Amino acid sequence: GQQLNQSPQSMFIQEGEDVSMNCTSSSIFNTWLWYKQDPGEGPVLLIALYKAGELTSNGRLTAQFGITRKDSFLNISASIPSDVGIYFCAGFSGGSNYKLTFGKGTLLTVNP
Amino acid sequence: DTAVSQTPKYLVTQMGNDKSIKCEQNLGHDTMYWYKQDSKKFLKIMFSYNNKELIINETVPNRFSPKSPDKAHLNLHINSLELGDSAVYFCASSQDPGPPTDTQYFGPGTRLTVL
């Protein structure tokens with residue numbers, strides 16, 4: 001089945017630093033989504049990407065849909081303590097396969 | 001207003017019992033999902049319903065049975081609970097199962113603990 005490799009698994013950074021995480025896939029995706037999960041909560045959508053090469057920002061967050069359609073990255077600039085959480089990438093292949101495949105998550109810790 | 005809600009938030013029960021988790025969405029979406037998140041935080045799809053019709057049924061024990069009485073509700077019934085069923089179960093919904101309106105919105109989760 002389809003697999004998403006998300007890296008890094010965890011990051012420990014200082015407040016104010018920039019962060020980058022990425023996902024790669026063995027197959028093509030038509031949609032890339034980035035979610036954040038706070039402890040005890042469900043994942044919340046951050047950014048949705050629908051076209052190869054698309055670069056989209058949401059405040060301090062920027063995500064890109066890779067040209068090959070097999071990868072995506074998420075950048076967080078000037079991190080703050082409330083950025084702490086687990087970030088998930090997710091890919092949707094479309095067609096008759098309606099399944100959203102999730103990466104294993106990146107645990108982000110921000111030291112004030 | 002809560003977009004996707006689940007009850008209960010916590011569920012502790014004995015092995016062998018039968019339990020249900022309820023999910024409701026007020027977004028007017030046509031598609032609803034159940035996911036299981038294990039102790040390593042890995043999220044995996046279990047079921048998906050579109051307009052009350054089952055469209056995804058992953059390799060899940062038949063002890064798990066989803067029921068969709070209407071488009072706004074997707075309940076999960078679990079028979080003969082086992083220790084390995086302990087996890088956080090998330091309900092989600094989207095307008096459609098495919099792009100461009102396939103963005104999924106998640107509920108707060110139900111933490112199931114089987115003793």
Side-chain angles (χ1 to χ4, degrees), chain A residues 1-6 8-11 21 23 28-52 54 56 58 63 65 69 72 84-109, chain B residues 2-10 21 23-25 27 29-51 53-60 87-111:
Chain A
Q2 294 169 328
Q3 292 187 357
L4 286 182
N5 297 310
Q6 186 171 349
Q9 280 189 322
S10 60
M11 301 182 74
M21 58 192 80
C23 272
I28 288 173
F29 284 100
N30 295 330
T31 300
W32 282 97
L33 305 173
W34 284 92
Y35 286 88
K36 182 192 177 195
Q37 185 177 20
D38 290 329
E41 303 291 331
V44 174
L45 182 69
L46 298 174
I47 293 179
L49 302 160
Y50 295 106
K51 294 181 182 178
E54 180 180 354
T56 297
N58 178 6
F65 192 142
R69 295 166 66 192
S72 177
V84 165
I86 303 176
Y87 291 79
F88 291 98
C89 64
F92 184 85
S93 59
S96 60
N97 180 6
Y98 297 124
K99 188 170 61 174
L100 192 62
T101 302
F102 278 82
K104 293 190 175 181
T106 295
L107 175 61
L108 177 64
T109 303
Chain B
T2 303
V4 182
S5 59
Q6 295 177 228
T7 54
K9 189 162 176 66
Y10 300 97
I21 307 173
C23 178
E24 177 181 2
Q25 54 96 2
L27 297 167
H29 288 168
D30 289 341
T31 311
M32 296 184 72
Y33 311 80
W34 277 108
Y35 286 84
K36 180 180 180 180
Q37 187 173 46
D38 61 23
S39 58
K40 294 185 178 179
K41 304 299 183 184
F42 183 55
L43 270 163
K44 188 165 167 50
I45 184 77
M46 299 174 68
F47 301 102
S48 173
Y49 272 71
N50 180 246
N51 278 317
E53 297 292 326
L54 181 67
I55 57 171
I56 293 177
N57 185 356
E58 287 293 282
T59 307
V60 175
V88 181
Y89 291 85
F90 286 100
C91 176
S93 75
S94 65
Q95 178 56 50
D96 296 299
T101 50
D102 55 343
T103 301
Q104 295 181 20
Y105 297 87
F106 284 76
T110 295
R111 180 175 292 278

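Given the structure is predicted, the values throughout are model-derived calculations rather than measurements. Just so we're on the same page: letters track the sequence lines, and every chain starts at 1. Note that these values count all heavy atoms, side chains included, but never hydrogens, waters or copies made by symmetry.
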Set of residues satisfying ring-ring contact (aromatic ring centres under 6.0 Å, His included) with respect to B/Tyr35, sequence neighbours excluded | A/Phe102, B/Phe106
Is chain A contacted by the side chain of [X], its backbone, both, or neither, given a heavy-atom distance below 4.5 Å?
{"X": "B/Ile45", "result": "side chain"}
{"X": "B/Lys44", "result": "neither"}
{"X": "B/Gln6", "result": "neither"}

Under 3.5 Å: donor-acceptor pair, side chain of B/Lys9, backbone of A/Gly40 | yes
Highest number of heavy-atom pairs under 4.5 Å with chain B: which of A/Gly103, A/Pro43, A/Gly105?
-> A/Pro43
Straight-line distance of [X] [atom1] to [Y] [atom2], nearest 0.5 Å:
{"X": "A/Tyr35", "Y": "B/Tyr105", "atom1": "OH", "atom2": "OH", "result": "8.0 Å"}
{"X": "B/Lys41", "Y": "A/Leu107", "atom1": "NZ", "atom2": "CG", "result": "9.5 Å"}
{"X": "A/Gln9", "Y": "B/Lys40", "atom1": "CD", "atom2": "NZ", "result": "9.5 Å"}

With A/Asp38, which residues qualify under salt bridge (Lys or Arg N to Asp or Glu O under 4.0 Å), at least two apart?
-> A/Lys36
